[in-house]
Structures are given as structure tokens and as C-alpha cells.
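So that the names make sense, note that chain A is the first sequence line, chain B the second, and so on, each numbered from 1.
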Amino acid sequence: MRVRFAPSPTGYLHLGGARTALFNWLYAKHNNGACILRIEDTDRTRSTDEYIDEIIKGMNWLGLECDEGPFRQTDRFDTYKSYVERLLNDGKAYHCYCSPEELDKNRKEAMKEGRALKYNGRCRDLKEPVPGVDPVVRFRMPQEGSTVVDDLIRGTVTFENEQLDDLIIQRSDGTPTYNLTVVVDDVDMEITHVIRGDDHLNNTPRQIQLYQALEYEIPRFAHLPMILGSDKARLSKRHGATSVMAYYDMGYLPDAIVNYLVRLGWSYGDQEVFTRDELIKYFSFESVGKAASIFNPEKLLWLNSQYIMNSSPEELADLVIPFLVKDGTVSEEQELDRQWLSRAVHTLQERAKTLVELAASLRYYIAEEIEYDEKARKKFLNTESRELLVELKEGLDAMTEFSEEGIEKLFKDVAEQHEVKLGKVAQPVRVSLTGGTQSPGIFEVIDVMGKEKTVQRLERAIQSIS
RNA sequence: GGUCCCAUCGUCUAGUGGCCUAGGACACCGGCCUCUCACGCCGGGAACACGGGUUCGAGUCCCGUUGGGAUCACCA
């Protein structure tokens, strides 16, 4: 069992491409088969090496490494040429001398008259070459009967051959075109299952005809439904057709992206969150839907928060460091105590939806100085709370051993003495320590922050009042 | 326009003729928990596009309508 992911390096790996890669990868893993990465770069004007690197980087980040490749089609031009020669010699392809302008004119006329947009076959039976013109090579498409696509997702789809065009398989500059190269490569690379986007379904009968002309076995096909933007239009930059690496920058975990993507069109009962192993075990085309689905950023975000909650603090601590550096919270050389950082991360895990948010909250644990949120300062750091802060500071300063329980007892004692609720005590402290009104439980914050920093910040808060 | 595909809550989906008074998840709205914010828990509103058949019985099968999408390049 062999599958392939065959992106064209004319852009970054976006969510749609990533999902196609994912379904190929899952199907291969599920069946203990191989996944081949093939770069379809025959359009030399639009393909770049930079995009190739970016695509591979994106796949690696998502953990979708292929078993073979990358193979580049531009390295295989001689092979394609020999197949074209074969078709030409067998009379299954012919030279066409029509100019692009002429073709364009015919197309427009056909459009105006409401006919199918199809090559008129002018050069089909030409006996002599036209001098001074570099011809393209067209495939002589059978015009009788019909072609049936047997698709793992869509079932049986029938196309009338008379609808099929004599497609160009080699350009006038001698380079091959897509419909030929896919077939040749899938044959050469012994691909058994072609898994790709829905947008290729209409190409499939043409390719089947090519397989038949070449007398090769036809692989199985599976055409995945598209991913649409919120306006039901094709996914564009606006909705998320940006590079998957942009999601790295936004603080998403690769497993969350994978989990989100797989549930777009595929399901396993009511289960929403899957481990990678479960995905491999359960994946099947039988439970892939046929309808296109709309990309929903909120659900992705929710999944990401789930993955952050369920990750180990140690793992998250490692992952968040680049974001702390980016924020300027720590410098590149700075050595952080990993064990301590993990404790800090642990207090924030169920509050952060992304690594970016996590890094932002971590800032008050790590930074030397904090800034007060102005509204919070006004409301909680005032003469009313000053005495409480002084007592708390002294109490904490006097503690020989720091523990959550001890801190809690101190807070409750102070609250009781002043006959106020715990909230009256906790909020001013929270603002003093974190600068804002939202944070993990105040006892754990103090415990993680440590005596020195806590006392110092309380002192500063008291100073700011007078 | 031709051809092809698709159609269950706003969104992702469960559903493979009776378990459907249509289930779950995100989002939204209440409530509980509580030192704040989250998490968690409990509850709420919200869908079978429409019209014909087939059948004792249809969200599920068939046909049509409507709506959406894809594709028709010397792009892939």
C-alpha cells in the first residue's frame, strides 16, 4: 500500500494542504504502508525552493513525515518525455499547432454560444507539420463511451467521454504538464491510492484514460471534500489559508491542529479529542463525509486549550521558552530553572488557550518589574487595603517555610481579624503581585513566586499607596 | 453556460428504514463551584432545504426543484 502527498511549491503549506497530507499519512500508517512526498514543480515560473522548504517544515512540525522523497518532477523530465514519445508513436497523442490566441478565441466563442469549452480538434488528423511553429502535444482522448471513477469516498462517478478534451500533455517548450506527470509518477512510484482534494475529481477521468492508453493498472482514488471559509468561499488568507507555520507563531500545538483538521470531514462516533495512535487506529474512508466543511477558528482554539491543559508542565515549559524570548521576558542566553518554570506553567495551564497567552501570563512570575493595570490599581491599591497589605507582608516575611497551606492560613487569619471576606484581601495582593485582577489562585501564585519577590512587590504596592 | 459533486442545529458532526420526542462537540445564554480569572459540573435555546414518490413505517431509499461548491489554461 503506497500513497503520496504531491504539493505544488507555489505557496506555503496551508490548512487545506495540511489536511490532504494528514489523510494520506493516516491512511498509510493505518495500513502499514508508505507515504511518498512528491513536489510538483513543473510550472517553473511559479515554483520556488523556498516554498519547498516551507512545505517540508510545515509537515515536520505537524509530525507528518513521509517515508520517501521528496522527489521533484523537474528532475524527471526525461522520463516524461519518453512517455510522451510512446504515446506519439502509438498514435495516442498528436502534435497541435494552434496558437494560444486562437485557442482563446475558440473558448470565448464556445462560452458565448453556451457550448462546452472544448478543443475543436483542428490538428487531430493533421498529416504534415506546420513549419515555423513549435507544437504542443495533445492526448487523443477517446470520444465514445464513458469513464467510470470508482472513488473510496464518493462512490461511482460516471463521465461521458465526449465531454473530455484532448488535453495538452507537453507544452511547446517541451515541458510536460500536470495530467501527464501525475499519471507517470503515480505509475513509476507504484502508488496504490491517490488521496487528494475534491477539486481533482474532474481531472480523474482524463487521468484514467491516460492510464489505459499506457496500459497500466488504475490506482484507487479518494477525493476529500474541500475546506471552506466562513463565507462558504474557498479558504483564503483571510480565513486561514495562511501557512500552517503561522499557527506555530500564534501559539498552537501541532497535535491540536491535526486533531482539528481530522475532524473536518471525518468522525468517530461522538469522540472529539484523539491521540495520534487512536487516529491511526480508527482512521477509515468509510467515515469520511462527502460535503465540504467550513473552517471554524473557535473550535480550533478550544482544542488547543484542551491540548495545553492535558500536556505535561515540563513539555509546555520547553515549548513556551521561544515565546518568552520573543516577548523579551527572558533573553536568549538566560538560563531558566526548568523545574521552577514547570511549576509556574502548571498554575496557568487551564487558563491559557495558546502558548502566546501562556507566555504573556508567565511574565509576572519571571520579570523583575510589573506594571499595574490602571483600573485595577485604583480599585484595589488604596488606603482601604493598605493596612491589610502591610500585615500580609509582615506575616509572609516572618514565615520560615513557604507552603500553600501556611499562606492560606495567614490570609484567613488576617481576613478574620479585620472581619472582611477573603476576596477583600486576595484582590489587592493579586494586583500587587501580577499587576492585574486575574490570575491563578493567589496562594499558589505566592508559593511559586517565592518569598523574596512576593515581599518586594508587596512593599512596592504599599509605597505606591502613600 | 457545459460537466461533475454536495445538502442534519450558526459551525463540526452522530445517524447505514423502526432504537429519533433527532444525539455529541464548538460558540452563545442561564446557574453551581469560588480569593479573581479560568477549569469543571448542571441546565437552556438551536437542525433533518423544499416537493413528490417507494414502504406498514423515511433524516435514512428513488425522482424532481432549489441552493451551494468544484472544474472547463501551453496552472497544478
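The A/Q163 side chain lies nearest to B/U3 when the options are B/C35, B/U3, B/G24. Of the candidate nucleotides B/A27, B/G10, B/A38, B/A27 has the atom lying nearest to any side-chain atom of A/E298. Considering only the side chain of A/R263, B/C12 comes nearest among B/A76, B/U36, B/C12. Nearest nucleotide to the side chain of A/E350, out of B/C37, B/C39, B/C12: B/C39. For A/N203, the side-chain atoms get nearest to B/A76 when compared with the rest of B/C12, B/C4, B/A76. Here the side chain of A/N202 is nearest to one of B/A38, B/A73, B/A70, namely B/A70. Counting only heavy atoms from C-beta on, A/K290 has its side chain closest to B/C6 among B/C6, B/G10, B/A76. Among the nucleotides B/C35, B/A76, B/A25, the one closest to the side chain of A/W302 is B/A25. Distances were taken from every side-chain heavy atom of A/Q438 (C-beta onward) to each of B/U11, B/A7, B/C37; the shortest belongs to B/C37. Of the candidates B/U3, B/C74, B/G40, the closest approach to any side-chain atom of A/M309 belongs to B/G40.
Spacing between atom CG of A/L164 and atom P of B/C4 amounts to 11 Å, rounded to whole angstrom units. In this structure, the CZ atom of A/R430 is 11 Å from the C1' atom of B/U34, given to the nearest Å. Between A/K412 atom NZ and B/U34 atom C1' the separation is 11 Å, expressed in whole Å. Nucleotide B/G10 holds its P atom 17 Å from the CG atom of A/L228, rounded to whole Å. Counting to the nearest Å, the P atom of B/U13 and the CG atom of A/D270 are 14 Å from each other. One atom, CZ of A/R154, and another, C1' of B/U71, lie 13 Å apart when rounded to the nearest Å. Rounded to an integer number of Å, the gap from A/Y260 OH to B/C26 P is 13 Å. Between A/K299 atom NZ and B/U13 atom P there is a gap of 9 Å when expressed in whole angstrom units.
Comparing the same atom, C1', in B/G24 and in B/G15 gives a spacing of 12 Å after rounding to whole Å. Distance noted for atom P between B/U60 and B/A22: 15 Å (whole Å). The separation of B/G69 from B/G31, taken at their P atoms, amounts to 41 Å, rounded to a whole angstrom. Using C1' as the reference atom, B/A14 and B/C20 are 12 Å apart when rounded to the nearest Å. Only the C1' atoms considered, B/U55 is 9 Å distant from B/G17, to the nearest whole Å. Taking atom C1' in both B/U34 and B/C41, one finds a spacing of 13 Å when rounded to whole Å. Of the P atoms belonging to B/G52 and B/G57, the separation is 15 Å, rounded to the nearest Å. Between B/C48 and B/C9, the distance separating the two P atoms is 7 Å to the nearest Å.
At B/A76, none of the side-chain N or O atoms of A/T181 fall inside 4.0 Å of OP1 or OP2 (strictly under the cut-off). Look at A/T10 and you won't find any side-chain N or O under 4.0 angstrom from OP1 or OP2 of B/A76. Residue A/S293 has a polar side-chain atom (N or O) positioned under 4.0 Å from OP1 or OP2 of B/U13.
The six-membered or imidazole ring of A/F285 lies away from that of A/H223, with a centre-to-centre distance of 6.0 Å or more.
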